Amino acid sequence: MEDLKRSIAEDPKMMTVRPLLVNPDMVVFAGNQRLRACIDLGWEAVPCSVCDWTEEEQERAMIKDNGHHGDAGQRPARARTTPRVGGTH
């Protein structure tokens with residue numbers, strides 16, 4: 001987590017290139033670790049894309065998003081803050 005926070009702090013614009021993916025209920029289904037890192041860094045808003053996708057599509061996106069982190073089995077978590085599309089820190 002510390003490496004992720006350091007990476008985001010060094011290059012915050014990368015969050016606009018790779019935003020969180022949330023469903024219409026603002027449940028993050030891809031980017032939970034990035035959300036936690038941004039919260040820890042004190043961000044008030046985190047870039048996200050609202051995706052009105054089926055559960056199956058969300059599951060596939062979550063697995064693909066997390067595949068390189070080795071935590072593909074992580075279940076979606078409700079965001080502790082309401083992400084705003086296009087928000088910045």
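Model, not experiment: these values are computed from the prediction.
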Determine the minimum heavy-atom distance between [X] and [Y], stating which atoms define it.
X	Y	answer
A9	P12	O-CD, 3.6 Å
M62	A30	CA-CB, 4.4 Å
W43	I8	CZ2-CG2, 3.6 Å
P47	T16	CG-CG2, 4.0 Å

State the [atom1]-[atom2] distance between [X] and [Y], to the nearest 0.5 angstrom.
X	Y	atom1	atom2	answer
R36	L4	CZ	CG	11.0 Å
K5	C38	NZ	SG	11.0 Å
N23	F29	CG	CZ	6.5 Å
D40	L35	CG	CG	9.5 Å

| Should E56 and R60 be marked as a side-chain contact (heavy atoms from CB on, under 4.5 Å) after you check the CA-CA gap, both sets of side-chain angles, and the distance that decides it? | CA-CA 6 Å; E56 183 178 294; R60 279 197 314 265; 2.9 Å; yes
| Are Q58 and C51 side-chain neighbours, meaning at least one heavy-atom pair lies under 4.5 Å? |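 No, every pair of side-chain atoms sits at 4.5 Å or beyond.
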| said: Can you confirm whether M15 sits close enough to L20 that some side-chain heavy atom of one is under 4.5 Å from a side-chain heavy atom of the other? | reply: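 Side-chain contact under 4.5 Å: yes.
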| query | Salt bridge between D65 and R34, side-chain N to carboxylate O under 4.0 Å? | reply |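 Looking at R34 together with D65, the answer is yes, because their closest N to O distance falls below 4.0 Å.
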| said: If the condition is side chain to side chain donor-acceptor pair (under 3.5 Å), which residues does D3 pass it with, not counting sequence neighbours? | reply: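 Applying side chain to side chain donor-acceptor pair (under 3.5 Å) to D3 gives R6.
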| query | Any donor and acceptor pair, going by atom type alone, linking the side chain of E10 with main-chain N or O of S7 inside 3.5 Å? | reply |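 The answer is no, because no donor-acceptor pair under 3.5 Å joins these two groups.
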